[in-house]
Amino acid sequence: MAGVVCSHMGMMENGRSEDSAALVPGSRTATEEPGGNAETRPGDPTPTPKPRRSRVRTTVKLGLCLVVALAFLALGDRWAVLYAQNMAGKKVQEALKLHAAPEVHIDSFPFLAQAAMGNIDRVEVNVPHVPAGPVSIAQVKASVDDVRIVGNLPTSVKGAVLSKVNGDVFLDFADLNREVGASQVKLAPGSGTNTVQAKGDLPVAGKQAKIRAHAHLQRTGEHGLRLSVEDTRLVVPGLLTYTPGKGGGLQLTTSAVDTMDEHAVEQTTGQRLLPGTPFKGGALDTLTDHPELLKPAGIDPSLIEGLRKVQEPKVAQKMEFSARLPKDLPGDLRLRGITVTDEGIRAQLTGKDVPLGG
């Protein structure tokens with residue numbers, strides 16, 4: 001009995017539920033699909049979408065703001081670098097007493113962060129035409145590692161200390177040839193490693209004598225270098241080679257010897273006529289005093305007289321030079337190894353703990 005009553009009440013409730021659903025406007029019954037998704041009927045409320053598009057817009061805006069902020073920071077850092085480069089150039093100009101400020105490039109980023117700590121990683125300096133005695137140094141190019149700033153940025157910087165300096169001192173052959181004042185002689189790379197030769201033409205008695213000399217390059221102490229000329233020779237191609245100065249003499253070429261009277265030369269000068277054997281002193285004087293001995297070879301005695309007037313010390317003096325770093329350079333800057341290139345002479349520049357400024 002109780003079971004029948006409960007069953008009847010359940011049926012009545014189910015009936016009311018179905019009738020209510022049918023009578024209430026806009027009501028719906030969700031029918032489950034096999035996939036578990038509810039079927040939406042006309043009149044159902046539209047579900048609220050997730051705010052994905054709004055989040056994407058916010059992210060894009062934040063990204064753009066970050067990019068703009070970083071761009072302004074980078075721009076400010078570069079402006080600070082330009083200011084520091086200009087100030088450093090003036091300090092170098094004052095220290096070296098230059099007519100113009102050198103080129104300074106600060107290769108550090110972020111510069112402001114490093115400057116705030118009082119140290120700059122790397123700086124490159126290019127100084128053109130430094131006076132160095134009789135000649136000028138064409139270029140001093142150096143890189144500086146670990147620059148310690150003295151003072152406070154940006155307005156109270158007193159100077160800096162260059163912890164480590166490495167670079168080159170370059171002397172251009174074109175500048176040297178112009179400045180040493182020997183118009184007939186030019187300096188050029190020699191045939192051997194790191195050697196220099198001097199060569200040129202010199203008119204003598206209607207002939208073009210070629211000047212040939214070897215130059216000896218060496219450091220003078222730790223701050224200078226010197227070029228001294230040795231073994232100067234005057235060559236008249238096809239005829240002779242004359243070496244001026246003490247110990248010099250006249251050497252005839254093989255082709256010249258073959259045209260001359262060997263017996264007559266030996267009888268007159270007391271010296272055998274052999275290629276490569278120099279005529280010196282009295283033998284050379286006697287040979288010059290007898291033009292008939294030289295005539296078969298096409299040699300005029302005036303040529304020998306003209307060559308003998310060329311004094312080796314004067315020729316060498318015009319080609320020699322010395323160069324030295326300015327005496328009042330700050331700190332421990334020194335010259336090291338010397339290298340000869342096609343363009344000129346390079347010497348390694350080193351230094352440590354070099355003060356710059358006050």
Between [X] and [Y], is any pair of side-chain heavy atoms under 4.5 Å apart?
X: Met260; Y: Lys295; result: no
X: Leu303; Y: Val204; result: yes
X: Asp289; Y: Thr268; result: no
X: Leu227; Y: Leu187; result: yes
X: Leu171; Y: Leu225; result: yes
X: Leu284; Y: Arg308; result: yes
X: Leu349; Y: Leu335; result: yes
X: Leu287; Y: Gln271; result: no

Assess whether side chain to side chain contact (heavy atoms under 4.5 Å, CB included) is satisfied between Leu252 and Phe279, documenting all intermediate values. CA-CA 9 Å; Leu252 299 173; Phe279 286 89; 4.2 Å; yes
Compare every heavy atom of [Y] with every heavy atom of [X], then report the nearest pair and how far apart it is.
X: Phe173; Y: Asp342; result: CD1-O, 3.8 Å
X: Ala297; Y: Leu239; result: O-CD2, 3.4 Å
X: Ser255; Y: Gly238; result: OG-O, 3.2 Å
X: Leu333; Y: Gly351; result: CD2-CA, 3.9 Å
X: Gln197; Y: Pro189; result: NE2-O, 3.2 Å
X: Ala209; Y: Val236; result: CB-CG2, 4.2 Å

Kindly say whether Pro278 contributes a backbone atom to a donor-acceptor pair with the side chain of Gln251 at under 3.5 angstrom? no
Any donor-acceptor N/O pair, Asp168 side chain to Phe170 backbone, under 3.5 Å: no
Could you go step by step and tell me if His214 and Arg233 meet the side chain to side chain contact (heavy atoms under 4.5 Å, CB included) rule? CA-CA 9 Å; His214 297 292; Arg233 293 170 292 115; 4.3 Å; yes
Given the rule that I, L, V, M, F, W and Y join up when any side-chain heavy atoms are under 4.5 Å apart, are Val235 and Ile304 in one cluster? no
